[in-house]
There are 2 protein chains.
Amino acid sequence: MRLSTKGRYSVTAMLDLAIHDKAGPVTLADISQCQGISLSYLEQLFARLRKSGLVKGVRGPGGGYRLARPASEISIAEIICSVDENVDVTRCKGEGNCQDGGKCLTHELWTNLSNKLHEFLSGITLAQFVERPGIPELSMQRDKMIGRFVLAKKQAVAINRGVFNINKELVAKELAAKEALR
Amino acid sequence: MRLSTKGRYSVTAMLDLAIHDKAGPVTLADISQCQGISLSYLEQLFARLRKSGLVKGVRGPGGGYRLARPASEISIAEIICSVDENVDVTRCKGEGNCQDGGKCLTHELWTNLSNKLHEFLSGITLAQFVERPGIPELSMQRDKMIGRFVLAKKQAVAINRGVFNINKELVAKELAAKEALR
DNA sequence: CAATAACCAACTAAATTAGTCAGGAATTCT
DNA sequence: AGAATTCCTGACTAATTTAGTTGGTTATTG
Ligand code: FES
Ligand code: FES
């Protein structure tokens, strides 16, 4: 199991999704602008996340990505593993043929360590990070700074799709604010 | 904190050192042959391990590398950190200036996760792996297969340096066996 | 002196990461 | 129906990292 910037981007983006999940789909364009990651690169990462069944894509205007499962059931380990396909812990990939057909020390060492590490990261869920004090507030502040009226826009769409109970006044208010910016 | 093959090689090599530590210095040439890693690449890795104070080099014939501390006081985390200098957990490297001078969500997330991970790997020492049942035997088997008479050679040298209490008969026996191979 | 083995620096090749480009397909809004 | 939005796809490029190479120098032993 590797731990690289690739996995970091993915976890970061998934966190973003988890925070805004109540407000409906989040577009990659928003995440890209917000976190300073290239849009197309995000698309590549999300292609894998989708294939792994961690997120669901919703096409068309008002669409975006949503968590396929509750944030409390998505672990950091799952996210990292799904983008880092190269999970060859050992050199022999299972069968101990590294040294004249026999297991080398490395084999035992890394399967063991890797298991422990995986176990550890499996115990940490997205929800645990979202619920940390301060995070929702911090997120909302930044959303406003870059003119990201996620709530209004998504909930407006949500009416049509009949997915959420929404506050119509709030929607109208934020949509007006968005217009005023233009 | 990254977790790559580079760190893996280092941990593997350090394990080798720890196993044979009783018998004195281990040459990089031995590790190279034994584990199939390029000699010069190992040299690069050990340069860092030495600068981090994890190993000590002993020059000249009979020399090699030794652990600078007991295996029970060297953690996996230390090894990985010393070769993976690129420990920029966040993009901002400390000060939260990532997004218009303010901390981004990522900042909190990764310092937090990284701390936990580091803590976890700090709790695992080299000694814990050396002492796992089967490892010393497995190691000795392989040593013989590639004609690595570590014990005899190193201890013969050790007499001169007055470092160890040695079994002279064993030394003579293995040295004879080595000669016979040629 | 010759052999050994750590040390050192600069260079190359392969792989991975990060980003770009140019479109296509599903969905919604007007 | 047509325009706008957004996911989705594949192929291509640049930068960085990993892995290995070459060609030495220095300390130590015998
Ligand atoms: S890595 Fe599995 S036997 Fe060497
Ligand atoms: S990474 Fe530290 S503020 Fe963004």
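Here is how names work: the chains are called A, B, and so on, in the same order as the sequence lines, proteins then strands, and each is numbered from 1. Only a predicted model underlies this, so the values are computations on that prediction, with no experimental measurement involved. The figures here come from the full heavy-atom set of this structure, side chains too, leaving out hydrogens, waters and symmetry mates.
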Legend entry - Parallel, tilted or perpendicular: rings of A:Tyr9 and A:Tyr41 (30°, 60°): perpendicular
Inset, instruction - Check the angle between the aromatic planes of A:Phe120 and B:Phe120 and answer parallel, tilted or perpendicular using the 30° and 60° thresholds. - result: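 Correct class here is parallel.
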Nearest listed nucleotide, side chain of [X], among [options]:
X	options	value
B:Glu43	D:dG20, C:dG19, C:dC8	C:dC8
A:Tyr41	D:dA4, C:dT4, C:dG19	C:dG19
B:Pro61	D:dT29, C:dC7, D:dT21	D:dT29
A:Thr5	C:dA25, C:dA18, C:dG19	C:dA18

Legend entry - Phosphate OP1/OP2 of C:dC7: any B:Arg50 side-chain N/O under 4.0 Å: yes
Legend entry - Which residue lies more 5' along DNA chain C, comparing B:Gln44 with B:Leu39 via nearest heavy atoms: B:Leu39
Calculate the interatomic distance between [X] atom [atom1] and [N] atom [atom2]; express it in whole Å.
X	N	atom1	atom2	value
A:Ile31	D:dC7	CD1	C1'	13 Å
B:Leu28	C:dT4	CG	P	16 Å
B:Gln33	C:dA5	CD	P	12 Å
A:Asp30	D:dT5	CG	P	13 Å
B:Leu42	D:dA19	CG	P	11 Å
A:Ile80	C:dT17	CD1	P	13 Å
A:Arg59	C:dA25	CZ	C1'	5 Å
A:Asp84	C:dA15	CG	P	17 Å

Legend entry - CD1-OG distance between B:Ile74 and B:Ser122, expressed to the nearest 0.5 angstrom: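 Between atom CD1 of B:Ile74 and atom OG of B:Ser122 there are 13.0 Å.
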Inset, instruction - In plain terms, say whether A:Arg48 and A:Glu43 are close enough for a salt bridge, that is, a side-chain N and a carboxylate O under 4.0 Å apart. - result: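 A:Glu43 and A:Arg48: not salt-bridged.
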Inset, instruction - Just call it for B:Tyr65: base, sugar-phosphate, or nothing, with non-hydrogen atoms closer than 4.0 Å on any strand. - result: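 Here B:Tyr65 touches the backbone only, sparing every base.
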Legend entry - Side-chain donor/acceptor contact of A:Thr27 with base of D:dC7 under 3.5 Å: no
Legend entry - Closest non-hydrogen atom pair, A:Asp84 against A:Gly7: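 Nearest heavy atoms, A:Asp84 then A:Gly7: OD2-N, 4.4 Å.
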